[in-house]
Protein chains: 2
Amino acid sequence: MTKKKDGYHHGDLRSALVKNGLKLVADTEDGDVGLREVARETGVSATAVYRHFPDKDAFLRALAGAGFEMLYDAQAKAAAGRAAKDEGFRAIGQAYVHFAIDHPPLFRLMSRYMPSADDFREGRLAKGNRAGRLLTDYLAELLPGEENESKRQVAAIQAIALVHGLAQLVLGGQIPKDRSLIDAAVDEFGSWHHES
Amino acid sequence: MTKKKDGYHHGDLRSALVKNGLKLVADTEDGDVGLREVARETGVSATAVYRHFPDKDAFLRALAGAGFEMLYDAQAKAAAGRAAKDEGFRAIGQAYVHFAIDHPPLFRLMSRYMPSADDFREGRLAKGNRAGRLLTDYLAELLPGEENESKRQVAAIQAIALVHGLAQLVLGGQIPKDRSLIDAAVDEFGSWHHES
DNA sequence: GGGCAAATGATAACAGTGTCAACATGAGTT
DNA sequence: AACTCATGTTGACACTGTTATCATTTGCCC
């Protein structure tokens, strides 16, 4: 139980649900929480959730969105102070994996509700776009003079695939949770493109 | 309904459940099937499944295992005939992503039940190890004379992270389902390490 | 301030799920 | 032929997401 302004109406139930949802997600394995469970934790009836979210899917998407906000903050903080663009790129790439390691269930949830490329283009995003855009933006500045556009697109795809794959496989236990190893993997990728 | 040898006993229920399970998984979005659903499809009572699998988790793990067998076959076929080791490496890497594209829900299920590094080392795998081992084995032959062992480990991690990340992000819609683009991303990675 | 509509909450119920305990049936062995 | 054990069934329990219906409160208008 958290935050309850006693009385029939809650005051700000929606954000209370999200906050408790995030807390409960952290205690799960796969990042899935039940609506009834979070309602119970919030001290409210099960169906009250439906006044703020159309269904469970929408609620989990909201949780994932909050997670992307946290990720964006972490990446921004990691990149701050890095004057050199390539250092900034490596920093936010590593921050991506570190975030996954620090919040395994939340990251798994986020992976399931990650905005698609279409969501990006058509601007139908709240704010969760920023996390993903950071990486590709840095990469765009990092590779200004590539021969052709397609080569740059390939490099961008490699970058996000590498970083996302690292995070996914570390959480799955296929890659050792070794921070220096992970940082090395990201660093070397960055240097390939920068030193060439 | 498939395969039913009519009568109280089924004959080979376990494999029938797996077969129908795989079929049903293919029709889902996230690669999750209900035990009752597959039991219904197989024409058997819901609890009969428990005579062959301790719980739902074990059943889904069996489905994932069957998926890894399919993946291994696809990778072996892709690598066959490639004399050059680096070509073989690229082929199985691309086959990994192609498999994901061809079987989205199954691949998502497999991602959730992917054998961990510990499973590998301690040899507690049925046969699903082969799919993962293929990639790293090729990579080991590909990089015989790297300066130190740690550099080789970093390269191995980069390879599987790149390939797994590509698969994951294509299925999520973050990367366009463009086969030539994906092949280019894998090819270029292979050439980096080979030409150096 | 009184009254009313809309927003927000609660209750009851339905269909569906994973799982367990108890029982039924058939196959294989001696 | 009888017994045993693996295999399949029935019934039930606790739980879930979701809907329909009813209750309360807030905010606004006169």
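Convention: sequence-line order gives letters A, B, ...; per-chain numbering from 1.
Put simply, A/R51 has no side-chain N or O that comes within less than 4.0 Å of OP1 or OP2 on C/dA6. Considering only side-chain N and O atoms, A/R40 lies under 4.0 angstrom from the phosphate OP1 or OP2 of D/dT16. Phosphate contact (OP1/OP2 of D/dT19, side-chain N/O of A/Y50, threshold under 4.0 Å): absent.
Taking five base pairs at each end of the helix from C/dG1-D/dC30 to C/dT30-D/dA1 and finding the rotation axis that steps the C1' atoms of four pairs onto the next four gives two axes whose angle is 0°, to the nearest 10°.
A/Y50 is linked by a side chain to side chain donor-acceptor pair (under 3.5 Å) to nothing, counting only residues two or more places apart in sequence or in another chain. Applying the ring pair (Phe, Tyr, Trp, His ring centres under 6.0 Å) rule to A/H103 yields the partners A/F99; only residues at least two apart in sequence or on another chain are considered. Take B/F59 and apply the ring pair (Phe, Tyr, Trp, His ring centres under 6.0 Å) test, not counting sequence neighbours, and it matches B/F53. Listed by chain and number, the residues in a side chain to side chain donor-acceptor pair (under 3.5 Å) with A/T28 amount to none (sequence neighbours excluded). In this structure, A/D102 has no salt bridge (charged side-chain N to carboxylate O under 4.0 Å, His left out) partners at least two apart in sequence or on a different chain. Residues that satisfy the salt bridge (charged side-chain N to carboxylate O under 4.0 Å, His left out) test with A/D27, not counting sequence neighbours, are absent from this structure. Legend: residues meeting side chain to side chain donor-acceptor pair (under 3.5 Å) with B/R112, ordered by chain and number and at least two apart, are absent. With sequence neighbours left out, the side chain to side chain donor-acceptor pair (under 3.5 Å) criterion links B/R179 to B/H98.
In the region residues 52-62 of chain A, proximity to DNA chain D at under 4.0 angstrom, judged on heavy atoms, holds for A/D55, A/K56.
Straight-line distance from the CD atom of B/E37 to the P atom of D/dT16: 21 Å, rounded to whole Å. In this entry the distance linking CG of A/D32 with P of D/dC15 reads 17 Å, nearest Å. In this structure, B/L17 atom CG and D/dT7 atom C1' are separated by 12 Å, rounded to whole Å. Here C/dT8 presents its C1' atom at 14 Å from CZ of A/R14, a figure rounded to the nearest Å.
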Enumerate the protein-to-nucleotides 10-12 of chain D contacts in which both atoms are nitrogen or oxygen and the separation is below 3.5 Å.
from	atom 1	to	atom 2	distance (Å)
D/dT10	O4	B/T47	OG1	2.8

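Within the structure, every pair that satisfies the salt bridge (charged side-chain N to carboxylate O under 4.0 Å, His left out) test and touches residues 52-66 of chain B, not counting sequence neighbours, is listed here: B/D32-B/K56, B/D57-B/R61.
Summarising the geometry, atom CD1 belonging to A/I157 is positioned 7.5 Å from atom CD1 belonging to B/I182; distances are rounded to the nearest 0.5 Å.
Side-chain N or O atoms of A/Q174 include one that pairs as donor or acceptor with a backbone N or O of B/M114 at under 3.5 Å.
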